[in-house]
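Structure, as structure tokens:
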2 protein chains.
Amino acid sequence: MSHVPGMIQSIERSSAVLRLLAADPDRLRVKEVADALGLPKSTAHSILRTLEHVGFVEQDPRTARYRIGRGLLDLGTAGIDANELRGRALNWADTLAARSGEEVRLGVLRDGLVLVVHHVFRPDDSAQDLDTGVRLPAHATALGKVLLAYSATAAAPAGGLDAYTRRTVTAREPLAVELAAIRARGWGLSAEEWRPGLAGIAAPVRTSGGLVVGAIGIAGPVERLTDTRRQARPALVEQVVAAARSISREVQS
Amino acid sequence: MSHVPGMIQSIERSSAVLRLLAADPDRLRVKEVADALGLPKSTAHSILRTLEHVGFVEQDPRTARYRIGRGLLDLGTAGIDANELRGRALNWADTLAARSGEEVRLGVLRDGLVLVVHHVFRPDDSAQDLDTGVRLPAHATALGKVLLAYSATAAAPAGGLDAYTRRTVTAREPLAVELAAIRARGWGLSAEEWRPGLAGIAAPVRTSGGLVVGAIGIAGPVERLTDTRRQARPALVEQVVAAARSISREVQS
DNA sequence: CGGCACGTGCGACATTGTCGCACGCAGGCC
DNA sequence: GGCCTGCGTGCGACAATGTCGCACGTGCCG
């Protein structure tokens, strides 16, 4: 707790306060925080007031007690950056492409769109565009729907949802139902919702706490990815889910 | 960005820095942070140095760039406190007890132990102890193993693992395998690992981002919870998982 | 109804964070 | 290969800023 020269005292203290609040599942009173850290009441109060102002702690209006705020949760989500995710996923993405025979994309959610951070071509043929860096609509792709399903910050983008094909889900309610289904079974499907004739199957990549930080998926012709009843082929689903799980394991270090 | 009187300036600035780093998936240089916030280079550097010291940001040793640190992720986990979780779970816990015919416990991980925050008696008979507030070992109970499986902070407690029955898993490696299996299927079983003759089935409660903040489970005689091959009865598993999912939905607000 | 303890706010002091400047190093361009 | 630009880092002085003591008001318990 002592002061390390060259470090900003008030930030060190804020960190101690946050750790204290995080360690205790109950809300804490100003006095308790002050005593635990050996600070004067006013100082602790001043720090808590500021932390509340920036959204890192919340105060119960009735009991006046403080607890960790929701703002911190959103910040942690970005703990893994896209590059790190990409690095860990490289081998597994290649394996998935080889096993499934389809092209593979790895994406993260950014500003309500899917940012493709990695792209592996379909093994057999050649004429394909490199999609790395491209942004895809979230509500019309398998990758995007998986990311939306587990997104901490409010679901879909604020504006209206564009229709890309006649199968694109643009209404709020059906989309919410679909996202719930994805959460329930752990993977997502998009069949001709983005481009006619194309389908995708995707699954979430999680970090240690179970937080979803990205998604990996395959894309290809509808007839190869789905059966005659437009259901995803179980063998492919299993491959995608297995790849996502492997990457999740890699990320946890 | 401007200074609000009564607020601690350096903490406001730290918050801005963290938000900036969180918003950008790439690592940022000192100069970029300084320019974005309109601060002198030295000031930004001083703040970043302190944030790194407390573990809120990390610096790549090679490129000298900064990104959000892993310490923040752990803090967000405690965003939901035990009381709030309990409040949201009350009705679903009762329903689960009624449908399954077994007693129900709701727990959170605290200091490497399971803290029971809610307890519903078995519907039929009466002579039972109220377990609310009790702490259970994490590695020997279904609730605990589920919580460990999704725990952000390093798995089991540091010390040796106690054996309560001859079925208690005390070795690191088998336990890690078991936790991986729980992550894969989404629920956990403990059969006579804590008390002879007793078994438990539990599933995780997740918050918006998919972060596990607690677990709910049923407990009862082995012969009622498992079949002749010591496998959990699918009907009961389904009920527990459904309850956990319902509570997870409640928590996301 | 009285007393205590807590959250909150204000103001003065001096401690502390801020800012300007300079060093050393790495990368890129010529 | 050498020069030069631009960056990260560290130091020091100033004064702006955070800290602390004190006092008010309120809610709770006895």
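Numbered from 1 within each chain, the chains take letters A, B, ... in sequence-line order. Both backbone and side-chain heavy atoms feed into the values below; hydrogens, waters and symmetry mates do not.
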### Task
Mark up nucleotides 19-24 of chain D, 5' to 3', with B wherever a protein heavy atom is under 4.0 angstrom from a base atom, S wherever such an atom reaches only the sugar-phosphate, and - elsewhere.
SBBB--
Does the [X] side chain pair with the main chain of [Y], one donor and one acceptor, at a distance under 3.5 Å?
X: Thr50(B); Y: Ile8(A); answer: yes
X: Ser248(A); Y: Ala244(A); answer: yes
X: Arg135(B); Y: Val114(B); answer: no
X: Ser100(A); Y: Leu96(A); answer: yes

### Query
Between Lys31(A) and Ile11(A), which is nearer to the 5' end of DNA chain C once each is assigned its nearest nucleotide?
Lys31(A)
Whole angstrom is fine here: how far is it from [atom1] in [X] over to [atom2] in [N]?
X: Leu48(B); N: dG10(D); atom1: CG; atom2: P; value: 13 Å
X: Glu32(B); N: dC7(D); atom1: CD; atom2: P; value: 9 Å
X: Glu12(B); N: dG18(D); atom1: CD; atom2: C1'; value: 13 Å
X: Arg65(B); N: dA26(C); atom1: CZ; atom2: P; value: 16 Å
X: His53(A); N: dG18(D); atom1: NE2; atom2: P; value: 13 Å
X: Glu52(B); N: dG10(D); atom1: CD; atom2: C1'; value: 15 Å
X: Met7(A); N: dT18(C); atom1: CE; atom2: C1'; value: 16 Å

### Message
Under the criterion side chain to side chain contact (heavy atoms under 4.5 Å, CB included), I'd like the reasoning laid out for Glu103(B) against Ile218(B): C-alpha separation, chi angles, the key distance, then a yes or no.
### Response
CA-CA 6 Å; Glu103(B) 56 179 331; Ile218(B) 60 178; over 6 Å; no
Below 4.0 Å: OP1/OP2 of [N] and any side-chain N or O of [X]:
X: Tyr66(A); N: dT8(C); result: yes
X: His45(B); N: dT9(D); result: yes
X: Arg49(B); N: dT9(D); result: no

[X] atom [atom1], neighbour heavy-atom count above 12 within 6.0 Å:
X: Asn91(A); atom1: CG; result: no
X: Arg19(B); atom1: CZ; result: yes
X: Trp92(A); atom1: CH2; result: no

### Message
Counting the atoms with a prime plus P, OP1 and OP2 as sugar-phosphate, which does Gln59(B) contact under 4.0 Å by heavy atoms, base, sugar-phosphate, or nothing?
### Response
sugar-phosphate
Using nucleotides 26-30 of chain D, report all nitrogen or oxygen pairs with the protein that are shorter than 3.5 Å.
none

### Task
Quick one: pull up CG in Leu113(A) and NE2 in His139(A) and give me the separation to the nearest 0.5 Å.
10.0 Å
